[in-house]
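Below is one structure, written out as structure tokens; the observations come after it.
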Amino acid sequence: MATAADSRGPATHWVESFEKAREEGSGSGTWRGRWRRRSVISFGSKNRTIGVAAKNQQITHANNTVSNFKRFHGRAFNDPFIQKEKENLSYDLVPMKNGGVGIKVMYMDEEHLFSVEQITAMLLTKLKETAENNLKKPVTDCVISVLGTAFDPFLGGKNFDEKLVEHFCAEFKTKYKLDAKSKIRALLRLYQECEKLKKLMSSNSTDLPLNIECFMNDKDVSGKMNRAQFEELCADLLQKIEAPLHSLLEQTQLRVEDVSAVEIVGGTTRIPAVKEKIARFFGKDISTTLNADEAVARGCALQCAILSPAFKVREFSITDAVPFPISLVWSHDSEDTEGVHEVFSRNHAAPFSKVLTFLRRGPFELEAFYSDPQGVPYPEAKIGRFVVQNVSAQKDGEKSRVKVKVRVNTHGIFTISTASMVEKVPTEENEASSVEADMECPNQRAAENSDTDKNIQQDNSEAGTQPQVQTDGQQTSQSPPSPELTSEENKIPDADKANEKKVDQPPEAKKPKIKVVNVELPIEANLVWQLGKDLLNMYIETEGKMIMQDKLEKERNDAKNAVEEYVYEFRDKLCGPYEKFISEQDHQNFLRLLTETENWLYEEGEDQAKQAYVDKLEELMKIGTPVKVRFQEAEERPKMFEELGQRLQHYAKIAADFRNNDEKYNHIDESEMKKVEKSVNEVMEWMNNVMNAQAKQSLDQDPVVHAQEIKAKIKELNNTCEPVVTQPKPKIESPKLERTPNGPNIDKKEEDLEGKENFGAEPPHQNGECYPNEKSSVNMDLD
């Protein structure tokens, strides 16, 4: 299993992969690879190109090459930001039917309109393909980087590039009377050169030149700038650096003195003035130990591994947060006033769920929006509208209690996930036992709710109650304890007091049992900028068709390139190593055919179907393959003959030693050895015959015998002879002698074993021997 992470910069994507370790049963992971891909897509008459290939076409194919499109997400076409960006783009922006931003290009020789979401999906699909091709396995999970805690979306590398572009546009207009903005290709070339100049100024403080040949109207332009001039030009951008830093400290409630170390990442942090501003703000040296470009992507890959159950990583305490406060607004049943409640405050922990309780007699609508529109980097503050349907009053006419569950999920997306209506249903006597558990154990019910669901209970103003807050799972500092829960806990009576109350009061009449049932309610969601299911399915189908077209075009180009490579390869080798292996007449004819094929490739064969290239290649291979085979056989055949000769000599010597009664082989049966001799003689005769026949052939003729045939003969010889000559000698066992009744033990094995067991002990007693010092000895009288 593998995971991939995507770091989305304005002009570049970084992909990091985290792969499960190869060891059997190991859940640990390892970094596998990283790939950088330009966020550029170019549309052609046959296919799309994405990444570096598209970047290379940005000047020559400007109108149909799309870049710098990520900041268009979540914006309407009439947004002032979109209208400003539109002036500096090489491609056309047009409004979509839903008011969003569309991109118009020529693709497959037809005009196509793509949404920003479709363009982004094309890039992500290519990144997934890149990761899978390198990992040799499917990518199942992905983490995409998002905006940080404190940020300025209009303060980045592209903004510094624009400062340089504006400067040189004004300079060239005055110096050369050329308006770079009037021709998009010239403007794109200026953007590229200014980006290079910016990077050079990060490491050089001297004057650096900017030269562009044939910039406009066949005129060359030049300019120069140094680091001091660049910093003066970008003074307003440098002043904006401190604002996000102040915001960061304010949100984290830290002082500058509380920060022990500062690590900076991102390409723009290489600018010395940016480093100096950050260092001056924190009053300490900043660290640059991480790779400035890929650090975010690697962090995403680590987060991906943490979220995946297939990986075992070191435990980290990571808590995602809601970056912008989210509120809900609703209308009351019988009043024109609206109720508003902030369900998630800024930096609230995520993922997180809360439950709101409403008293309603019919369906009602909730609208979610960002509480602080000025703090959101997009002009649209609305999130969406949610209609809770099928709500009705209770049978007695009272309002129904409707519980609405709001959630910010793992992806940071707000939604109203579920809604349910509480109904009270009278039950029969035989159901009393099950109903008692519902009606007589409110404390148990409250305890269970506190463990399984964090809920915010918000009764509307008509009920005259204040918001009551409970939390899912565990209590948080942002959610005060529920008064309802507390009051129920205080009402728990002691057992003794309950018994006294039962004795003092007369028995009451039985009340009818009521069963509480939760009925799930459908929710109609209308999110801002959300794609409808039909539209989404259409986009998926369109992307699938384009992927297939890209695949077919790649196969067509591969077939064309194969023909071209074959022509170049054989033309060189026919005048080199292959020259001796083709007759003079065939040599001239083949060279003529190669030249004709080359001319065809660059003329009428420039744009042919895949099968046309396959047929051309087969035509060339009919002549070229035999030549190539002759060359390869001439290289391999002598080696095989040498190896076969060595094996024959080896087995022939063994047979001779056997005939000379060599002790090493005298255990082999004579009939078996005759098989070896027969096989050796037959193979040797075959080898001599084919070698003589091959010697009579010229190099430009097909070989009499192929290296594969010789290899098969070697295998056949080995299979016949090797089992015979490697027979092991039979083991000769010495006869065992029996132990005599009164004699010594002369069995060697038993003697050795007994000797080892009694090493260092006294020798065994013999019959008739006496040991005077031994306590257990017996005195005997002898006549």
Side-chain angles (χ1 to χ4, degrees), residues 558-602 605 612-656 676-723 725:
D558 290 345
K560 179 182 178 182
N561 293 335
V563 177
E564 188 177 36
E565 290 173 4
Y566 197 87
V567 169
Y568 292 148
E569 177 188 1
F570 256 85
R571 178 180 291 160
D572 292 340
K573 291 185 177 180
L574 282 177
C575 300
Y578 291 176
E579 187 174 7
K580 299 177 182 179
F581 300 92
I582 186 171
S583 65
E584 184 63 27
Q585 185 62 37
D586 291 341
H587 186 275
Q588 297 299 327
N589 293 337
F590 196 23
L591 282 177
R592 188 182 306 111
L593 179 59
L594 291 173
T595 302
E596 291 174 357
T597 304
E598 181 184 20
N599 295 335
W600 175 82
L601 279 173
Y602 297 113
Y613 299 117
V614 173
D615 295 341
K616 277 290 181 183
L617 184 60
E618 289 179 354
E619 181 183 357
L620 296 175
M621 292 179 71
K622 285 180 181 179
I623 304 174
T625 300
V627 178
K628 184 177 182 180
V629 169
R630 292 171 202 151
F631 170 77
Q632 292 175 342
E633 287 295 326
E635 293 284 318
E636 294 295 325
R637 190 170 51 248
K639 299 176 184 178
M640 291 292 101
F641 273 137
E642 182 180 0
E643 183 179 347
L644 179 57
Q646 290 175 353
R647 300 308 297 169
L648 287 171
Q649 290 179 3
H650 174 67
Y651 294 128
K653 184 178 182 303
I654 293 177
V676 173
E677 292 175 340
K678 180 182 178 182
S679 180
V680 169
N681 293 333
E682 290 176 352
V683 174
M684 187 175 294
E685 182 180 359
W686 175 86
M687 185 178 74
N688 291 332
N689 291 336
V690 295
M691 287 182 71
N692 292 333
Q694 183 63 45
K696 298 176 183 179
Q697 294 285 101
S698 61
L699 292 177
D700 59 0
Q701 293 179 316
D702 291 337
V704 176
V705 62
H706 293 80
Q708 198 65 28
E709 297 177 61
I710 305 173
K711 188 175 182 180
K713 279 292 180 182
I714 296 174
K715 184 177 180 181
E716 179 185 341
L717 180 66
N718 287 335
N719 291 340
T720 302
C721 301
E722 197 67 18
V725 301

Spatial distance of atom [atom1] ([X]) from atom [atom2] ([Y]) [nearest 0.5 Å]:
{"X": "Gln588", "Y": "Leu593", "atom1": "CD", "atom2": "CG", "answer": "13.0 Å"}
{"X": "Leu620", "Y": "Glu596", "atom1": "CG", "atom2": "CD", "answer": "10.5 Å"}
{"X": "Leu699", "Y": "Gln701", "atom1": "CG", "atom2": "CD", "answer": "9.5 Å"}
{"X": "Glu716", "Y": "Trp686", "atom1": "CD", "atom2": "CH2", "answer": "9.5 Å"}
{"X": "Glu618", "Y": "Tyr566", "atom1": "CD", "atom2": "OH", "answer": "11.5 Å"}
{"X": "Glu722", "Y": "Ile654", "atom1": "CD", "atom2": "CD1", "answer": "7.5 Å"}

Heavy atoms only: give me the nearest [X]-[Y] pair and the separation to one decimal.
{"X": "Leu648", "Y": "Val680", "result": "CD2-O, 3.7 Å"}
{"X": "Leu574", "Y": "His587", "result": "O-NE2, 3.0 Å"}
{"X": "Val705", "Y": "Arg637", "result": "O-CD, 3.6 Å"}
{"X": "Glu636", "Y": "Ala707", "result": "CB-CB, 3.9 Å"}
{"X": "Pro638", "Y": "Ala634", "result": "CD-O, 3.2 Å"}
{"X": "Arg630", "Y": "Asp702", "result": "NE-OD1, 3.0 Å"}

Q) Between Glu564 and Tyr602, does any side-chain donor sit less than 3.5 Å from a side-chain acceptor? A)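 Tyr602 and Glu564 do have a side-chain donor-acceptor pair below 3.5 Å.
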
Q: Report yes or no: do Glu677 and Tyr651 form a side-chain donor-acceptor pair below 3.5 Å?
A: no

Q. For the side chain of Gln697 and the backbone of Pro703, is there at least one donor-acceptor N/O pair under 3.5 Å apart?
A. no

**Q.** Backbone of Glu633 reached by a side-chain donor or acceptor of His706 within 3.5 Å
**A.**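 No.
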
Q: Starting from the C-alpha separation in whole Å, work towards a yes-or-no answer on side-chain contact (heavy atoms from CB on, under 4.5 Å) for Asp586 and Ile623.
A: CA-CA 9 Å; Asp586 291 341; Ile623 304 174; 5.7 Å; no

**Q.** Gln708, CD atom: more than 12 neighbouring heavy atoms under 6.0 Å
**A.**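 Result for CD/Gln708: open.
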
Q: On the 0 to 90° scale, with breaks at 30° and 60°, tag the Phe570-Tyr578 ring pair as parallel, tilted or perpendicular.
A: tilted

Q. Passes side-chain contact (heavy atoms from CB on, under 4.5 Å), Val683 versus Thr720? Steps please.
A. CA-CA 11 Å; Val683 174; Thr720 302; over 6 Å; no

Q: Any chance you could lay out the side-chain contact (heavy atoms from CB on, under 4.5 Å) test for Arg571 and Thr595, step after step, and finish with the verdict?
A: CA-CA 9 Å; Arg571 178 180 291 160; Thr595 302; 3.7 Å; yes

Q: Check the pair Trp600, Val567 against side-chain contact (heavy atoms from CB on, under 4.5 Å), reporting the backbone distance first and the verdict last.
A: CA-CA 11 Å; Trp600 175 82; Val567 169; over 6 Å; no

**Q.** Any Val690 side-chain heavy atom under 4.5 Å of Ile710 side chain
**A.**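 When only atoms from C-beta onward are counted, Ile710 and Val690 do not touch, as no gap falls below 4.5 Å.
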
Q | Option passing side chain to side chain contact (heavy atoms under 4.5 Å, CB included) with Tyr613 (candidates Asp558, Leu601, Asn561) | A | Leu601

